[in-house]
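These notes are about the structure you will find just below.
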Amino acid sequence: MENKIRRKLNGVVISAKMNQTVIVKVDNVKVHPKFHKRYTTSKRYPAHNELAGVAAGDKVVIEESRPYSKTVNWQVISKQ
């Protein structure tokens with residue numbers, strides 16, 4: 001079996017109300033192609049969570065993983 005490199009993202013937990021799932025907001029800075037101004041985009045990722053003590057406002061690292069459900073394809077690997 002091949003070991004594929006999995007993407008890792010840093011983000012902030014914005015919701016921890018579900019049983020084993022948290023919603024993580026990841027911010028990305030982009031540069032406008034014409035005006036060269038920097039702006040921030042953000043995306044929300046549902047992530048599987050087995051760590052104890054992860055609450056809203058915590059900074060976490062999420063990693064791509066197998067599908068846990070229809071929408072959950074990421075997992076929390078560490079808390080920063």
Side-chain angles (χ1 to χ4, degrees):
M1 228 169 125
E2 295 179 23
N3 285 334
K4 294 188 177 182
I5 297 173
R6 296 180 174 181
R7 291 183 291 168
K8 293 182 181 179
L9 300 172
N10 297 324
V12 177
V13 175
I14 57 173
S15 174
K17 296 178 182 177
M18 291 173 272
N19 192 12
Q20 286 188 333
T21 305
V22 294
I23 304 296
V24 180
K25 184 177 88 166
V26 176
D27 291 330
N28 190 9
V29 177
K30 294 185 175 184
V31 179
H32 192 277
K34 181 177 181 181
F35 301 115
H36 307 293
K37 183 173 181 174
R38 289 176 178 84
Y39 62 98
T40 304
T41 60
S42 61
K43 189 170 179 183
R44 295 162 46 117
Y45 293 94
H48 181 73
N49 178 30
E50 292 184 353
L51 299 176
V54 175
D58 292 343
K59 293 182 180 180
V60 293
V61 177
I62 59 174
E63 180 181 54
E64 225 174 5
S65 66
R66 66 177 180 86
Y68 286 98
S69 69
K70 179 180 175 181
T71 58
V72 180
N73 295 317
W74 296 81
Q75 67 179 350
V76 177
I77 57 170
S78 67
K79 185 176 170 183
Q80 292 179 338

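Note that these values count all heavy atoms, side chains included, but never hydrogens, waters or copies made by symmetry. Residue numbers start at 1 and run along the sequence shown. If you're wondering where the values come from, they're calculated on a predicted model, not measured in any experiment.
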Can you name the one residue among Arg6, Lys4, Arg7, Gln75 that meets side-chain hydrogen bond (donor to acceptor under 3.5 Å, both in side chains) with Glu64?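 Of all the options given, the one that passes is Arg7.
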
Out of curiosity, does [Y] fall in the hydrophobic cluster containing [X] (side-chain heavy atoms, cut-off under 4.5 Å, transitive links)?
X	Y	result
Val24	Ile77	no
Val76	Leu9	yes
Trp74	Val26	yes
Val54	Val61	no
Val13	Leu51	yes

Minimum heavy-atom separation for [X] and [Y], please, with both atom names.
X	Y	answer
Ala47	Ile62	CB-CG2, 4.0 Å
Tyr39	His32	CE2-N, 3.8 Å
Ser69	Asn73	O-OD1, 4.4 Å
Ala16	Ala56	CB-N, 4.3 Å

Any donor and acceptor pair, going by atom type alone, linking the side chain of Lys79 with main-chain N or O of Gly53 inside 3.5 Å?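 Confirmed, Lys79 side chain pairs with Gly53 backbone.
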
Inter-residue atom distance Asp27.CG - Lys30.NZ, 0.5 Å rounding: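 With rounding to 0.5 Å, CG (Asp27) is 12.0 Å from NZ (Lys30).
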
If we only count heavy atoms from C-beta on, is the [X] to [Y] side-chain gap below 4.5 Å?
X	Y	answer
Asn10	Lys59	no
Ile23	Met18	yes
Gln20	Asn49	no

